[in-house]
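Heads up, the thing below is written out as structure tokens.
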Number of protein chains: 2
Amino acid sequence: MKMTTKGRYAVTAMLDLALHDGDGPVNLSEISHRQDISLTYLEQLFGKLRRHGLIESARGPGGGYRLAMTPDEISIAKVLYSVDEPVDITRCGGKQNCQNDERCLTHDLWMELNRHVSDFLNGVMLGDLIQRNNVKQVAARQDLNLMQLLQQKQ
Amino acid sequence: MKMTTKGRYAVTAMLDLALHDGDGPVNLSEISHRQDISLTYLEQLFGKLRRHGLIESARGPGGGYRLAMTPDEISIAKVLYSVDEPVDITRCGGKQNCQNDERCLTHDLWMELNRHVSDFLNGVMLGDLIQRNNVKQVAARQDLNLMQLLQQKQ
DNA sequence: TATTTACTTGACTAAATTACTAGGCTATGT
DNA sequence: ACATAGCCTAGTAATTTAGTCAAGTAAATA
């Protein structure tokens with residue numbers, strides 16, 4: 001497993017989408033503003049998420065993205081996997097060929113850590129997160145900020 | 001947290017040291033052969049491990065390294081930390097300033113994962129690992145390989 | 001005390017990866 | 001038709017990794 005901003009961005013953006021899903025598709029420039037993520041980078045990430053079937057797109061004016069399933073069916077692990085952040089941590093990918101085609105000394109240690117991490121990430125769903133108070137608070141603040149920004153521009 | 005070969009090498013080498021500790025210091029070229037890690041790279045890693053107080057060095061002929069405490073006092077987390085692989089996973093390091101000095105949407109999620117991973121890595125000691133059967137097996141194979149290599153050279 | 005052996009230090013580097021940007025294209029609603 | 005929004009491919013600057021190289025210093029043995 002590698003935790004980089006790519007994975008964090010993907011999860012953050014998907015959570016934003018889950019929070020704002022409901023009344024029509026959500027477009028990327030909204031998400032870009034709310035989450036401080038560059039629009040073109042988001043396009044890349046959402047391309048992968050779409051190709052993995054987590055979201056659906058609608059083109060043209062008023063278009064944007066929608067979740068392709070309920071938030072309760074989308075785990076954090078799925079999101080990370082979709083943007084090429086494998087949750088796996090071993091060098092050999094569990095194949096036991098880490099040292100000259102044989103197990104290395106620490107093979108089982110990394111396998112165990114692997115299981116801990118993936119159990120956790122497979123167990124947390126977007127649906128769980130959007131119901132948490134701390135998430136709701138941050139989301140409310142971000143919505144307010146975006147509204148203020150739009151009013152300033154007029 | 002980032003899991004790279006640097007961290008894996010450090011843990012592997014420390015485990016090798018723990019396994020061969022007892023009858024005098026262990027020198028790095030042994031470890032280099034047994035674990036397939038470049039000697040000069042090991043020197044770098046062991047410098048950091050020594051500066052963090054995990055090991056002690058003995059110079060001169062017959063010199064090498066020894067653990068500075070018992071294997072039961074050395075956790076995997078300590079080893080990783082010593083070679084600059086922080087176990088922390090959040091962007092802000094827990095400071096809640098991930099987005100414009102405020103908490104980002106996924107702050108608490110990463111904090112939770114953090115706790116899982118560091119609980120695990122703090123809980124596993126070198127002393128635990130050297131008693132495991134799979135570790136003993138791999139170590140026995142590696143010792144045999146090294147002996148055969150030394151005989152060939154004569 | 002000369003020599004060997006081993007550890008120490010710091011600078012350097014090739015390759016890979018990350019985190020983007022640029023620019024053009026395609027579909028859709030008004 | 002035209003503005004809007006997603007789609008796709010390349011390219012790229014910065015950073016990090018995984019080392020190497022060279023010139024030491026310290027300790028033990030003969």
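Chain letters run A, B, ... following the sequence lines, proteins first, then strands; residues in each count from 1. All values below were derived from every heavy atom in this structure, side-chain atoms included, with hydrogens, water molecules and symmetry-related copies excluded.
Ile55(A) places its CD1 atom 17 Å from the P atom of dA5(D), with the value rounded to the nearest Å. To the nearest angstrom, C1' of dT9(C) lies 17 Å from CZ of Phe46(B). Remark: C1' of dA16(C) and NZ of Lys6(A) are 13 Å apart, rounded to the nearest angstrom. The CD-C1' distance, from Glu56(A) to dC7(D), rounds to 16 Å in whole Å. Atom pair Leu42(B):CG and dA18(D):P shows a separation of 13 Å (rounding to whole Å applied). Leu39(B) places its CG atom 15 Å from the P atom of dA22(D), with the value rounded to the nearest Å. Spacing between atom CG of Leu45(A) and atom P of dC7(D) amounts to 13 Å, rounded to whole angstrom units. In this structure, Arg59(A) atom CZ and dC25(C) atom P are separated by 14 Å, rounded to whole Å.
Between Ser38(B) and dT20(D) there is a side-chain polar atom (N or O) within less than 4.0 angstrom of OP1 or OP2. Taking 4.0 angstrom as the limit, Arg50(B) places a side-chain polar atom (N or O) nearer than this to OP1 or OP2 of dT9(C). Between dG6(D) and Arg51(A), no contact under 4.0 Å exists linking OP1 or OP2 to a side-chain N or O. Taking only side-chain nitrogens and oxygens, Ser29(B) never comes nearer than 4.0 Å to OP1 or OP2 of dA6(C). Checking the phosphate oxygens (OP1, OP2) of dT18(C), no side-chain nitrogen or oxygen of Tyr9(A) falls inside 4.0 Å.
Using a 4.5 Å heavy-atom cutoff, the side chains of Lys6(B) and Lys48(B) are in contact. A 4.5 Å side-chain heavy-atom check between His33(A) and Asn145(A) finds every atom pair outside the cut-off. Within the 4.5 Å cutoff, side-chain heavy atoms of His20(B) are placed close to those of Asp143(B).
Donor-acceptor pairing under 3.5 Å is lacking for the side chains of Asn134(B) and His107(A).
For Tyr41(B), the listed nucleotide lying nearest its side chain is dG19(D); candidates were dT28(C), dA19(C), dG19(D).
Residue order along DNA chain C, read from the 5' end via each residue's closest nucleotide, puts Asn27(B) first among Asn27(B) and Pro61(A). Between Gln44(B) and Leu28(B), the residue anchored nearer the 5' end of DNA chain C, judged by the nucleotide with its closest heavy atom, is Leu28(B).
Counting atom types as modelled, Glu43(B) pairs no side-chain N or O with a base atom of dT20(D) as donor and acceptor under 3.5 Å.
Nucleic acid contact for Tyr65(B): sugar-phosphate only, since backbone atoms but no base atoms lie under 4.0 Å from a heavy atom of the residue. Nucleic acid contact for Ser57(A): sugar-phosphate only, since backbone atoms but no base atoms lie under 4.0 Å from a heavy atom of the residue. Within the nucleic acid shown, Thr40(A) comes within 4.0 Å of at least one base atom, counting heavy atoms only.
Between the Asn27(A) side chain and the Glu30(A) main chain, a donor and an acceptor come within less than 3.5 Å of each other.
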